[in-house]
There are 2 protein chains.
Amino acid sequence: MIDRRVQKTRKILSQALVSLILEKGYDAITIQDIIDRANVGRSTFYAHFENKDQLLLVGNENFRHILKSKVEDGELTIDFEFFFQHVAENYDLALAFFGKKGGHVLIDFFRDLIADLVMKHYKIQLQVSEKIQLKMLNYQADAIATSIIRLLTLWVEDQMPFSAKEMAGVSNKMIKQLEAEVFNIKVVSQTH
Amino acid sequence: MIDRRVQKTRKILSQALVSLILEKGYDAITIQDIIDRANVGRSTFYAHFENKDQLLLVGNENFRHILKSKVEDGELTIDFEFFFQHVAENYDLALAFFGKKGGHVLIDFFRDLIADLVMKHYKIQLQVSEKIQLKMLNYQADAIATSIIRLLTLWVEDQMPFSAKEMAGVSNKMIKQLEAEVFNIKVVSQTH
DNA sequence: TATTTTATCGAACATAATGTATCATAACTT
DNA sequence: AAGTTATGATACATTATGTTCGATAAAATA
């Protein structure tokens, strides 16, 4: 059981960071800003976290893990609907983490996560054809993951004018298109 | 005619910044680091630049403008070959600007530039059908521009194992694929 | 409830970066 | 050769950093 004081301190520090991100942007925030806002002693901060990044990561572990599970659940099909849905349900947090004023910690985390998933998805089919440029495919998987996170950023920054389903649809299309290109499958020919 | 001392100061400050980026990463660099490395007085720095970002932007205006012209020359077809070629010919600079240790100034600049070009490219065809979700198309253009810059980052970070032509090919394909998709939407809306 | 454990605060500290200002000097232009 | 100006050196007040310490309040435990 974690000491109630500890829970309280960590929570208020996390909240202070989030509110500060929305105000002045992650990069401009100092430790001093955070402990002033949270009304917490300087030594107390360092008793819990080493720096800003760690506070953002550990302090919002819950949100991060849940969001991670949303995208990992649909591993086989890589369906991002639950992912975007959960973002929409936590708008303030998402804005702080993925918006333009947010830091790069969570963006990098999810970019790498999605890139891995996309690669895993492709690799199932790679066993068949071996002539693929694996390194270039890695680049492309990473690039697509990056563009999906970028879509997310634009979406939350723009107050989410589309549904989570629409956003997931666009994301899935990107992955499918690369898939079609790599494996020489003509998606268009299927609709004809 | 610009004073020779001014030219010398600006050049050495720019070089100091680039070398520092490769060593410790853009974000960790202080003004103090720069003037120490350049052996330039503190007041001299501020006589020329307001901050790090401005030094990076103005100090390497030449490289930026040339690189910009490379991608703008091929406006009609959006051919990135010259773009990646020029990057390859300035490897150290590119690594400092687009590598993982680099800042976000130039990355943001070229992302926006490419996104605009892509949109301009699409808009030619958009005149025909007006039912297109223009906002979503903007998102996608931005996302694709982001992924192309990400490809660039991975490429330079990986010591450029592919030719500029190959990189341009992949970039162009991404744009073409979205183009095909948009065209697809047009067809569907017409048949309904 | 009484006792022990521990998280927090407040204060102090040395170090470092910031942005500004002044002035003598060296380097440049004309 | 004379006038102009960019630079370096120095100083300054302000702010942030990361660490340490003891007193105190709040928690867990018996």
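Lettering of chains follows the sequences in order, A, B, ..., and the numbering in each one begins at 1.
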TODO: For side chain to side chain donor-acceptor pair (under 3.5 Å), just list the numbers for E72(A) and S69(A), CA-CA rounded to whole Å, side-chain angles, deciding distance to a tenth of an Å, and then say yes or no.
DONE: CA-CA 5 Å; E72(A) 279 181 336; S69(A) 75; over 6 Å; no
When rounded to whole Å, the CD to P distance for the pair Q7(B) and dC28(C) reads 11 Å
In whole angstroms, the gap separating P of dA16(C) from CD1 of I35(B) amounts to 14 Å
Rounded to the nearest 0.5 Å, the CD1 atom of I148(A) sits from the CE atom of M167(A) at a distance of 10.0 Å
Cation-pi between K52(A) and Y26(A): NZ/CZ under 6.0 Å from ring centre and within 45° of the ring axis?
-> yes
Residues in residues 13-25 of chain A with a heavy atom under 4.0 Å of DNA chain C, by number, are none
Item to complete: Could you walk me through whether H86(B) and F63(B) pass ring pair (Phe, Tyr, Trp, His ring centres under 6.0 Å), step by step?
Response: CA-CA 9 Å; H86(B) 190 249; F63(B) 174 75; 5.4 Å; yes
Between CD1 of I31(B) and C1' of dT15(D) the distance, given in whole Å, is 16 Å
Tell me yes or no: between the side chains of R37(B) and Q15(B), is some donor less than 3.5 Å from an acceptor? no
When rounded to whole Å, the CD to P distance for the pair Q32(A) and dG10(C) reads 13 Å
So CD1 of I144(B) and CD of E179(B): to nearest 0.5 Å the spacing works out to 10.0 Å
* Asked: Is atom CD of E50(A) surrounded by more than 12 heavy atoms (other residues, nucleotides or ligands) closer than 6.0 Å?
  -> no
Should the heavy atoms of other residues, nucleotides or ligands under 6.0 Å from CD of E61(A) be counted, would the total exceed 12?
yes
R4(A) atom CZ is separated from dT6(C) atom P, nearest whole Å, by 16 Å
In whole angstroms, the gap separating C1' of dT29(C) from CE of M1(B) amounts to 11 Å
Check: protein-nucleotides 2-5 of chain D nitrogen or oxygen pairs below 3.5 Å:
{"residue": "dT5(D)", "atom": "O2", "partner": "R5(B)", "partner atom": "NH1", "Å": "3.3"}

Against the side chain of T30(B), the closest entry in dT18(C), dT8(C), dA16(D) is dT18(C)
Practice task
Assign the ring pair F80(B) / F83(B) to parallel, tilted or perpendicular, where the plane angle (0 to 90°) is split at 30° and 60°.
Solution key: perpendicular
Whole-Å distance, K11(B) NZ to dT7(D) P, equals 15 Å
Value for CG (L106(A)) from CZ (F110(A)), rounded to nearest 0.5 Å, stands at 6.0 Å
Within residues 37-50 of chain B, those residues having any heavy atom closer than 4.0 Å to DNA chain C are R42(B), S43(B), Y46(B)
When rounded to whole Å, the CD1 to P distance for the pair I29(B) and dA17(C) reads 13 Å
To the nearest 0.5 Å, atom CG of N39(A) lies from atom CD1 of I34(A) at 14.0 Å
